[in-house]
Each structure stands twice: as C-alpha cells, then as structure tokens.
Amino acid sequence: RNCSCRPNHRLVGEQICRDDDMYPYGEEAGEDPRRWDFTTCTEESLPPEGFRFFGRRHHKIHVCDNGIVGFDPIKRPRNPTLIQENFNWRKAAVLVPFLARSNPTLLDDLEEDLRTKIYYSFYEKDDGNPTTDEVLQRARNDGRSTPGFYSPNYDPVWAFVVTWTRVPPDCGMYRNGVCPRDHDQ
C-alpha cells in the first residue's frame, strides 16, 4: 500500500503523517515513550554547560505531562493559568509550549498505542545518535530565523526535544463530566 501526506507533512513509519514543523520523535527518532507518574513533573539533568535562561544558568529541567517545562523546580499545575497571574511562576524559569487542564489517565483503558505518550530526548554534537544532526540543524535554523530572536551565528551544541501526544482534556470540568468531543479531537 502506498501512503502519502498532504502538503507540509511527512510520512513516518509508512502510515503516520506528521507536520513538517515538528522535530522528529518516537519511532522516527528511535525513541520509546517515557513511563510517567502523572502527579509530578520529571526532573532531568542538563549537559554540564547548562542552559542560560531568565538571566541564570540552569542545570536541571522539569518536564510535566500537561505541557509545561521548568528550569526551576515546579509543582505540576492542575489548572491552566497565565504565567504572570500565578505567584509561583512569576519568577520561575518556565516554558509553556501548551498548558492544558488534562487527565492523561483517561486513556488508560485504551490500547497502548492510543494512550497519552510523552517523548523527550537530549541530542548533543557527536553523541553517535543518527537523529542528532537533523535535530541540531533544525534547532540552528530555528535559532537563526525566529522573529524577535534572530541570531545569525546561532549554532547549538545540544538540544532537548519534548513531544506530548494524545493529551486528553480533563472532562471533570464539563457538565456531568462528559467531554463535548472525543478525547483526540
């Protein structure tokens, strides 16, 4: 069977179409989803040079299942809120690609490939990983072209890629606890 994808998407694993803007993850990057405790954020060490952010150098990263990454220790947020309105986050070094009021355990009764999955990996120059060159090239291009942060000489030596998939909403916030749409829409 020959599969194809719509424009600006690529075929992964002969049956999955992914947006071209996405960094490689999962099967495409040779990684398995992380096992997760959905009540806390997972802490990982960064490379020795750390990461300069918020005027400080950080040596740890905290990944939460519901779309937030912190460089300072943070508690897993239960409800989405604007960062500047949350007292604990106002001075915390956090990135919020998306922040969802989610309940990843909602999918626990489904087959493994339909459950919430969180992937994250470090990519460092000369680490022997066949995906590293592609990831660092994408990071380089992003760093050199992001509006407002343009840096023509940006050349990363490492990258940390986090991808959240199939994160369902917390249906408890809807009347009778029933989501208005299926969990994956």
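Separating the CG atom in Asp72 from the NZ atom in Lys60 is a distance of 13.0 Å, to the nearest 0.5 Å. Separating the CD1 atom in Ile74 from the NE2 atom in His62 is a distance of 7.5 Å, to the nearest 0.5 Å. To the nearest 0.5 Å, atom CZ of residue Arg10 and atom SG of residue Cys17 are 10.5 Å apart. Asp126 CG to Leu136 CG: the interatomic distance, rounded to the nearest 0.5 Å, is 9.5 Å. Atom-to-atom distance recorded for Asp127:CG and Asn129:CG is 5.0 Å, nearest 0.5 angstrom. With rounding to the nearest 0.5 Å, the separation of CG in Leu46 from CZ in Phe122 is 5.0 Å.
Considering only heavy atoms from C-beta on, Leu95 stays 4.5 Å or farther from Ile68 through its side chain. Side-chain contact between His59 and Ser45 is absent, with no heavy-atom pair separated by less than 4.5 Å. In this structure, Leu11 and Ser4 have side chains that are not in contact, with every pair of non-hydrogen atoms separated by 4.5 Å or more. The closest side-chain heavy-atom distance from Thr163 to Val161 is below 4.5 Å. The shortest side-chain heavy-atom distance between Asp142 and Tyr23 falls under the 4.5 Å cut-off. Between Val157 and Glu49, the closest side-chain pair of non-hydrogen atoms falls below 4.5 Å. Taking the side chain as every heavy atom from C-beta outward, Ser121 and Phe160 never approach each other to under 4.5 Å. Side chains of Pro156 and Arg140 form a contact here, defined as non-hydrogen atoms less than 4.5 Å apart.
Pro24 approaches Arg138 most closely through the heavy-atom pair CD-CD, 4.3 Å. The heavy-atom pair separating Phe53 from Ala93 by the smallest distance is CD2-CB, 3.5 Å. Minimum interatomic distance between Lys117 and Pro33 (heavy atoms only, all atoms of both residues): CD-CG, 3.7 Å. Residues Thr132 and Glu124 approach most closely at CG2-O, 3.5 Å, considering heavy atoms.
Checked for salt-bridge contact, Asp155 and Lys125 meet the test: a charged N lies under 4.0 Å from a carboxylate O.
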Stepwise side chain to side chain contact (heavy atoms under 4.5 Å, CB included) check, Glu31 with Tyr120: CA-CA 8 Å; Glu31 62 183 354; Tyr120 63 83; 5.9 Å; no
Start with the C-alpha gap between Val69 and Ile61, add the side-chain angles, then the distance that decides, and say whether side chain to side chain contact (heavy atoms under 4.5 Å, CB included) holds. CA-CA 7 Å; Val69 176; Ile61 190 166; 3.3 Å; yes
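Hydrophobic side-chain contacts under 4.5 Å tie Met22 into a cluster, directly or through other members, with Tyr25, Tyr119.
For the residue pair Glu134 / Tyr123, no side-chain donor-acceptor distance below 3.5 Å is found, with atom types taken as modelled. Side-chain atoms of Tyr154 and Asn141 form no donor-acceptor pair, as typed in the model, at a separation below 3.5 Å.
One N or O on the side chain of Trp164 and one on the backbone of Cys64 form a donor-acceptor pair closer than 3.5 Å.
Cluster annotation: Val167 and Val162 are assigned to the same hydrophobic cluster (Ile/Leu/Val/Met/Phe/Trp/Tyr, side-chain heavy-atom contacts under 4.5 Å, transitive).
Within a 6.0 Å sphere centred on CD of Glu111, heavy atoms belonging to other residues, nucleotides or ligands number 12 at most.
A ring-centre distance under 6.0 Å is found for Phe51 and Phe71.
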